[in-house]
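Residue numbers count from 1 along this sequence. Here the structure is a predicted model, which is why all the values come from computation and not from measurement.
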Amino acid sequence: LQKEGIRVVMLTGDNQTVAHGVRERVGLEGIRANLLPEDKQSAVEKLNEEFNSVAMVGDGINDAPALASADIGIAMGGSGSAQAMETADVVLMGDDIQKLPFAVKLSQFANQLIRQNIVFSIGSKVLVAILAILGYAPLWLAVLADMGVSLLVTLNGLRAMRFKGS
């Protein structure tokens, strides 16, 4: 995540010693330890003020308030609590946190596809509408443009199925 320019801060209920050990091993930018659920929620709100956008990853019932406060709540679904999964915006069905960068890249790719589809769809509709107003678009062209664009947008969206995350 840090290679992608995402700042990583660990919020944990564990003590400082454990948190510092994890920080050293993993190379985290920051840690906040000995946090109760409401402390995690408060920390997420403060991080949101500082960075304007916060994603929270959690798996337990103690993480649910912070997941709800984050812009994007991500629950670890394999061993996560039902409360965390219900509160989160995204649930990673396995417990492999190393798949999180792939999920981030996939979501960025999906957003790119959505933007392309919207621009193409609206652009083609506007073009056909202008042609129709000028009297150059028979009904069959409008129907073809509508259905053709729907099919092309669907096919473009299917590209996400082959995403590898390079």
Side-chain angles (χ1 to χ4, degrees), residues 1-122 149-166:
L1 290 174
Q2 291 171 334
K3 288 178 187 174
E4 296 295 319
I6 298 172
R7 302 176 95 174
V8 180
V9 177
M10 181 174 70
L11 308 176
T12 181
D14 291 331
N15 65 44
Q16 288 284 349
T17 305
V18 172
H20 280 291
V22 172
R23 178 183 186 180
E24 294 302 315
R25 226 189 236 155
V26 178
L28 300 173
E29 183 175 329
I31 57 166
R32 303 210 176 127
N34 296 317
L35 299 178
L36 298 170
E38 57 271 11
D39 298 329
K40 288 181 185 181
Q41 180 181 8
S42 177
V44 166
E45 290 168 357
K46 287 178 185 171
L47 288 167
N48 200 4
E49 290 172 9
E50 185 177 346
F51 298 112
N52 297 325
S53 183
V54 172
M56 167 71 183
V57 180
D59 65 353
I61 194 165
N62 293 337
D63 297 322
L67 289 168
S69 294
D71 293 307
I72 302 171
I74 304 168
M76 302 303 291
S79 66
S81 75
Q83 182 82 24
M85 289 188 282
E86 205 170 293
T87 305
D89 300 303
V90 176
V91 178
L92 298 179
M93 293 313 294
D95 282 330
D96 188 359
I97 192 86
Q98 293 179 347
K99 294 196 177 172
L100 188 56
F102 174 80
V104 169
K105 288 178 185 176
L106 178 60
S107 69
Q108 291 168 340
F109 183 70
N111 277 327
Q112 179 184 353
L113 289 177
I114 290 167
R115 280 189 216 97
Q116 288 172 359
N117 287 343
I118 289 171
V119 167
F120 179 67
S121 180
I122 292 175
V149 168
S150 294
L151 289 172
L152 289 173
V153 163
T154 301
L155 291 173
N156 190 39
L158 289 174
R159 290 177 40 213
M161 300 285 287
R162 295 190 333 234
F163 183 76
K164 300 286 185 225
S166 49

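To the nearest 0.5 Å, atoms CG (Asp39) and OG1 (Thr12) are separated by 11.5 Å. Rounding to the nearest 0.5 angstrom, the gap separating the CD1 atom in Ile122 from the CG atom in Asn117 is 11.0 Å. Atoms CG and CG, on Leu11 and Asn34 in that order, are 12.5 Å from each other to the nearest 0.5 Å. Expressed to the nearest 0.5 Å, how far CG of Leu1 lies from CD1 of Ile97 amounts to 8.0 Å. Atoms CD1 and OG, from Ile114 and Ser121 in turn, are 13.0 Å apart once rounded to the nearest 0.5 Å. Taking CD from Gln116 and CG from Leu152, the interatomic distance works out to 12.0 Å, rounded to the nearest 0.5 Å.
Every residue meeting the salt bridge (Lys or Arg N to Asp or Glu O under 4.0 Å) condition with Glu4, not counting sequence neighbours, appears here in chain and number order: Lys105. Annotation: salt bridge (Lys or Arg N to Asp or Glu O under 4.0 Å) contacts of Arg159 (sequence neighbours excluded): none. Under the ring pair (Phe, Tyr, Trp, His ring centres under 6.0 Å) criterion, Phe102 pairs with Phe163, not counting sequence neighbours.
The closest donor-acceptor contact from the side chain of Thr154 to the backbone of Ser150 lies under 3.5 Å. Distance alone, capped at 3.5 Å, places no donor-acceptor pair between the Asn156 side chain and the Val153 backbone.
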Quiz prompt | Audit row: Ile31, Val22, side chain to side chain contact (heavy atoms under 4.5 Å, CB included) steps and yes/no | solution = CA-CA 9 Å; Ile31 57 166; Val22 172; over 6 Å; no

Exercise. Decide side chain to side chain contact (heavy atoms under 4.5 Å, CB included) for Leu158 and Leu155; before the verdict, give the C-alpha distance in whole Å, the side-chain angles of both, and the deciding distance to 0.1 Å.
Key: CA-CA 5 Å; Leu158 289 174; Leu155 291 173; 4.2 Å; yes

Exercise. Show the numbers, then the answer: is there a side chain to side chain contact (heavy atoms under 4.5 Å, CB included) between Arg32 and Leu47?
Key: CA-CA 11 Å; Arg32 303 210 176 127; Leu47 288 167; 3.7 Å; yes

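Smallest separation of non-hydrogen atoms from Ser53 and Asn48: N-OD1, 3.3 Å. For Met76 against Gly94, the heavy-atom pair with the smallest separation is CE-O, 3.6 Å. When all heavy atoms of Ile74 and Ala55 are compared, the pair lying nearest together is CD1-CB, 4.4 Å. When all heavy atoms of Gln41 and Pro65 are compared, the closest pair comes out as OE1-CB, 3.6 Å. Smallest separation of non-hydrogen atoms from Asn15 and Val18: OD1-N, 2.9 Å.
The stretch residues 21-31 participates, sequence neighbours left out, in these side-chain hydrogen bond (donor to acceptor under 3.5 Å, both in side chains) pairs: Arg7-Glu29. Residue pairs meeting the salt bridge (charged side-chain N to carboxylate O under 4.0 Å, His left out) criterion with at least one member in residues 61-72, sequence neighbours excluded, are Lys40-Asp63.
The environment of CD in Glu50 is crowded: more than 12 heavy-atom neighbours from other residues, nucleotides or ligands sit within 6.0 Å.
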Below 3.5 Å, can you tabulate the donor-acceptor pairs from side chains in residues 80-89 to any protein atom, sequence neighbours excluded?
from, atom 1, to, atom 2, distance (Å)
Ser81, OG, Ile61, N, 3.2
Ser81, OG, Ala84, N, 3.1
Thr87, OG1, Gln83, O, 2.8
Asp89, OD2, Gly73, N, 2.8

